[in-house]
K.L.:
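Structure in structure tokens, see below.
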Amino acid sequence: MDITSNQSNAGAARQWDLMRASFDGDWQGVTTWYGRESTGMDLTHGESDPAGSMYAIRFSDPNTGLWHGTGLRFASNGERKFPLYRHSYNLSNNCWHFPDTAGQSSLEMDGSAGRAGHEVNFFSSRSRSMIIALYHRQDDLSMILQSVAATPFRCQRACPDPVRDNPESQRDLFQAVAGWPGVEQELQPGKWPDQAPQHKRIPGFDARTFQKYDADGFFQDNLLCNLPDSLPQGPFELNFGCLLSPQRFVHLMIEYDEKHQLSRWVERRYQSTMEG
């Protein structure tokens with residue numbers, strides 16, 4: 001086996017280990033769904049099931065686990081189970097994991113498939129703030145934003161995290177974090193590093209780096225998104241964010257090239273002070 005294969009295997013193993021460290025838990029929360037109206041996307045009025053949902057993700061050993069979801073919107077009878085194995089995890093390369101931000105993404109958004117979607121999770125202690133964005137193909141093969149969902153999950157195996165302070169609006173949030181210094185790291189599909197990606201210092205936060213498109217949402221748990229309502233021609237990006245504490249804001253970008261193939265995930269972490 002050559003060095004490249006060894007590095008690839010080590011990188012995939014690290015992605016599995018990061019997944020276990022973040023997702024292992026009994027995650028309970030109420031999901032609110034926002035959909036498309038006749039006038040376009042409505043990201044201010046959503047629908048939710050007060051009963052909520054539970055994602056029990058458990059590992060019997062370092063190589064084996066079980067994902068068990070109940071109260072699910074798209075599953076038969078609201079329930080689904082599937083096993084997790086280290087040796088077969090993420091063979092499609094659509095799952096991705098930074099140490100505290102993780103999810104799964106459609107690698108192609110070129111209209112070749114009828115749907116494309118993204119799940120982004122922001123972790124802080126035993127809180128998991130999740131946002132989902134789903135795009136559907138139209139008759140002319142264009143892709144439009146069809147629905148967005150947000151869930152403030154909390155792990156039921158641990159003491160509840162403190163109540164999160166909530167700014168009154170997205171504008172207030174951006175004003176609070178304006179100018180905070182940050183660091184950036186990236187991942188590329190199938191090129192999983194065997195060590196933590198290098199952090200690069202970046203300029204202080206500017207809301208203009210986040211607000212680029214017309215679908216702009218601010219949700220519970222201080223979750224945000226800024227997305228194209230209809231995918232443009234040429235390169236584009238999808239923007240997700242979360243204010244995890246009064247001192248920490250995370251901006252996750254998913255970038256696509258001119259052929260609408262996913263090129264990289266970029267995590268930008270901003271703090272009111274970069275010390276510590």
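Remember, it's a predicted structure, so these values are computed and weren't measured experimentally.
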K.L.:
Scan residues 22-34 for pairs that pass salt bridge (Lys or Arg N to Asp or Glu O under 4.0 Å), counting only residues two or more places apart or in two chains.
P.N.:
Asp24-Arg157, Asp26-Arg58, Asp26-Arg157

K.L.:
Is there side-chain contact between Arg14 and Asp194, with heavy atoms separated by less than 4.5 Å?
P.N.:
no

K.L.:
With a 6.0 Å cut-off (strictly less than), is the heavy-atom count around CG of Asp139, excluding the residue itself, greater than 12?
P.N.:
no

K.L.:
For Glu237, what residues pass the side chain to side chain contact (heavy atoms under 4.5 Å, CB included) criterion, not counting sequence neighbours?
P.N.:
Lys212, Tyr213, Asn239, Met253, Glu255

K.L.:
What residues, two or more places apart in sequence or in another chain, satisfy salt bridge (charged side-chain N to carboxylate O under 4.0 Å, His left out) together with Asp221?
P.N.:
Arg154, Arg164

K.L.:
List for me each residue that meets ring pair (Phe, Tyr, Trp, His ring centres under 6.0 Å) alongside Trp16, sequence neighbours excluded, and say none if there are none.
P.N.:
Phe59, Tyr89

K.L.:
Which residues pass the salt bridge (charged side-chain N to carboxylate O under 4.0 Å, His left out) test with Asp49, not counting sequence neighbours?
P.N.:
none

K.L.:
By the salt bridge (Lys or Arg N to Asp or Glu O under 4.0 Å) test, which pairs, at least two apart or in different chains, include something from residues 242-252?
P.N.:
none

K.L.:
Please, which pairs that meet salt bridge (Lys or Arg N to Asp or Glu O under 4.0 Å) have at least one residue in residues 60-87, sequence neighbours excluded?
P.N.:
Asp17-Arg86

K.L.:
List the residues meeting side chain to side chain contact (heavy atoms under 4.5 Å, CB included) with Thr44, not counting sequence neighbours, and say none if there are none.
P.N.:
Asp42

K.L.:
Tell me every residue that passes side chain to side chain contact (heavy atoms under 4.5 Å, CB included) with Gln261, counting only those two or more places apart in sequence or in another chain.
P.N.:
Glu108, Asp110, Asp257, Lys259

K.L.:
If you take the centroid of each ring, where Trp contributes its six-membered ring, are His260 and Phe236 closer together than 6.0 Å?
P.N.:
yes

K.L.:
I'd like to know whether NE2 of His87 has more than 12 heavy-atom contacts from other residues, nucleotides or ligands below 6.0 angstrom.
P.N.:
yes

K.L.:
Tell me if a side-chain donor or acceptor on Thr151 pairs with a main-chain N or O of Phe153 at a distance below 3.5 Å.
P.N.:
no

K.L.:
I'd like to check the ring pair (Phe, Tyr, Trp, His ring centres under 6.0 Å) partners of Phe210; sequence neighbours left out, ordered by chain and number.
P.N.:
Phe174, His251

K.L.:
Within the 3.5 Å criterion, strictly below it, is a donor on Asn90 or Trp96 matched to an acceptor on the partner's side chain?
P.N.:
no

K.L.:
How would you list all residue pairs meeting salt bridge (Lys or Arg N to Asp or Glu O under 4.0 Å) that involve residues 174-186, not counting sequence neighbours?
P.N.:
Glu184-Lys200, Glu184-Arg268, Glu186-Arg264

K.L.:
Decide if the gap between the ring center of Phe82 and the ring center of Trp67 is smaller than 6.0 angstrom.
P.N.:
yes

K.L.:
Could you list the residues that satisfy side chain to side chain contact (heavy atoms under 4.5 Å, CB included) with Gln185, not counting sequence neighbours?
P.N.:
Phe98, Pro99, Pro197, His199, Glu267

